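The block underneath contains the structure these notes are about, expressed in C-alpha cells.
One is the number of the first residue; the rest follow in order along the sequence. Quick caveat, the model's predicted, so the values are computed rather than measured. Note that ligands are numbered from 1 as they come in the structure, with each ligand's atoms numbered from 1 the same way.
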Amino acid sequence: MKAVRLYDALDLRVEEVDRPRSPPAGYVTIDVRAAGICGSDLHNYRTGQWISRRPSTAGHEFCGRVSAIGKGVEDLAIGDLVAADSRFYCGQCEACRSGRTNICEHLGFVGEVCDGGFAEQVELPARLVFKHEPSLDPAVAAMAEPLAVALHAVRRLNPPRGEAIILIGCGTIGGLCGLLLSHLHDGKLLFADLNGSRAEMVASLCGGSVVSLDKSQARTALGDARLRYAVDATGSTKAIAQGIELLDGGGAFALVGISHGKLDLDPNVLVEREISLIGCHAFESELADAIALLPKLQSSLLQFSEVLNSLDDIPGAYRRLSDGRTNKLKTIIRIAD
Ligand SMILES: [Zn+2]
Ligand SMILES: [Zn+2]
C-alpha cells in the first residue's frame with residue numbers, strides 16, 4: 001500500500017509499504033478515508049524535533065473505516081467510521097490515572113511513536129479509536145482532532161458570559177477556536193492575523209471583527225468595552241507579548257501555539273492586571289464532544305478547508321504550506337471513498 005513517511009527533517013517520501021497484518025489483541029486496522037495536515041506535522045518536517053523513529057508514517061488527524069478487529073475489542077464493528085485519538089498516552093502514570101492524559105509523562109503522538117494516517121491503512125489500539133456519525137463527510141470527520149484541540153483551549157480559557165475575546169492567529173486552531181466560540185459563547189470576537197485576507201475569511205465565518213494587535217483599535221472595535229480574554233494560536237513570541245499588553249485586568253490569556261524562541265515579558269503586567277497565563281496542550285476528554293459537534297459545524301468546516309485527492313500530493317503540500325502559500329485553514333487529503 002501507499003504511505004507517506006518521514007525519514008528526517010525535510011525528507012518526506014511517498015512509498016510502497018506492507019499492509020498491516022491482522023491486528024493483535026486490543027488493536028484494529030482502519031482503512032483511511034481522509035487525513036489532514038497539521039501545523040505540528042509541518043513543524044516536525046522543518047525541524048525534525050519530534051522524530052523518534054525513522055521512517056515513520058506521518059499524520060495524526062484522520063478518519064477511516066474499521067476493516068479488521070483484534071481479539072478483545074468489543075465496542076467497534078467492521079465498517080464503523082472512526083476518528084483516531086492522536087495522543088499515544090500510557091494510561092499508567094500519575095497524570096493518566098488522574099484523567100489528564102494530555103500531560104501523560106510518556107506522551108507521544110500517532111504519526112511519531114507509531115505509524116499514522118497518511119497511508120491507505122493504519123493499525124491502532126482500539127482505546128484510541130472513536131466512532132463518528134456514519135453519514136459524515138470524511139473531509140469533515142478528519143477534523144475531529146484539531147477541533148478537540150480548539151475545544152480544550154476554549155474550555156481552559158473559560159471566559160465568563162458576555163466577555164469579548166481576541167483570537168490571535170487565524171490558522172487551523174485559531175480559526176476553530178473562533179468557530180467554537182461563535183457557537184458556544186455570547187461575547188464579541190476579535191481576530192488578528194498577519195495574513196489579512198485569512199483573518200477576514202475567519203471573521204466573516206465566525207461573526208467578528210479584524211483588528212491588529214493595537215489597544216486603541218481593539219477598544220474601538222469593542223465600542224469601548226474591555227478586552228480581558230485572549231487565545232494565542234500563533235506561537236509567535238512577538239504576538240504573545242503584544243497580545244498580553246493588549247489585555248485589560250482580570251482575565252486570562254491561553255497559549256495553544258507551538259512557540260519558537262523565548263518570551264521577553266515583564267511579569268508585573270501579569271501581576272498588576274491579574275492576568276492568568278494558561279498553557280493548553282492537545283486535549284483531555286474533548287474528542288468525543290468535538291465529534292458530536294461536527295455535523296453542526298460541517299458547512300463552515302468545508303469552507304475553512306481545501307481538499308486534495310491523493311497521498312502523492314502530500315510532500316508538495318508540505319512545501320507549499322511551509323512557505324505559507326494557502327488561504328485556507330486546513331488541507332485535507334481524500335484517500336478513499
Ligand atoms: Zn494536529
Ligand atoms: Zn501516562
Side-chain angles (χ1 to χ4, degrees), residues 4 6 12 32 34-47 49-52 56-64 83-119 122 124-125 127-130 139-154 169-177 179-180 231-235 255-259 279-287 290-291 294 301 304-306 314 317-318 321-322 326 328-333:
V4 184
L6 188 62
L12 185 71
V32 183
I37 299 175
C38 177
S40 68
D41 292 325
L42 301 176
H43 176 84
N44 201 25
Y45 168 72
R46 281 194 301 262
T47 64
Q49 188 183 340
W50 300 309
I51 297 177
S52 57
S56 182
T57 300
H60 59 270
E61 301 177 0
F62 56 93
C63 70
D85 186 332
S86 57
R87 307 160 310 142
F88 213 108
Y89 55 89
C90 77
Q92 313 286 327
C93 72
E94 200 172 331
C96 283
R97 288 202 312 271
S98 72
R100 300 193 68 184
T101 42
N102 61 324
I103 51 168
C104 168
E105 292 166 17
H106 311 286
L107 188 67
F109 283 88
V110 171
E112 293 158 24
V113 296
C114 68
D115 283 335
F118 292 159
V122 58
L124 281 182
R127 69 184 175 103
L128 300 184
V129 173
F130 286 72
V140 172
M143 279 187 261
E145 197 268 357
L147 191 66
V149 174
L151 187 57
H152 182 64
V154 164
C170 294
T172 309
I173 299 301
L176 292 179
C177 285
L179 187 61
L180 285 168
V231 177
D232 175 78
T234 66
L255 299 157
V256 67
I258 297 161
S259 291
C280 308
H281 189 222
F283 48 91
E284 283 178 20
S285 57
E286 286 88 356
L287 187 59
I291 286 172
L294 285 173
L301 292 172
F304 270 170
S305 49
E306 61 174 356
I314 291 180
Y318 264 54
L321 297 172
S322 291
T326 179
K328 295 294 189 179
L329 270 59
K330 178 57 71 184
T331 301
I332 301 283
I333 297 90

Problem set entry | Under 3.5 Å donor-acceptor, Thr172 side chain and Leu329 backbone |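 Yes.
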For this session: Using atom types as modelled and distance alone, determine if a side-chain donor or acceptor of Asn102 lies under 3.5 Å from a backbone N or O of His281.
Result: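 Yes; judged by distance alone, with no hydrogens or angles, the pair exists.
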Side chains of [X] and [Y]: closer than 4.5 Å at any heavy-atom pair?
X	Y	value
Glu112	Phe88	no
Leu128	Tyr89	yes
Val32	Phe118	no
His60	Ser40	yes
Leu179	Phe304	yes
Ser86	Phe283	yes
Thr57	Val122	no

For this session: Show all protein N/O/S atoms under 2.8 Å from the Zn ion (ligand 1), or state that there are none.
Result: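 Checking every protein N, O and S atom gives Cys38 SG, His60 NE2, Glu61 OE2.
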Problem set entry | Distance criterion under 2.8 Å: protein N/O/S atoms around the Zn ion (ligand 2) | 4
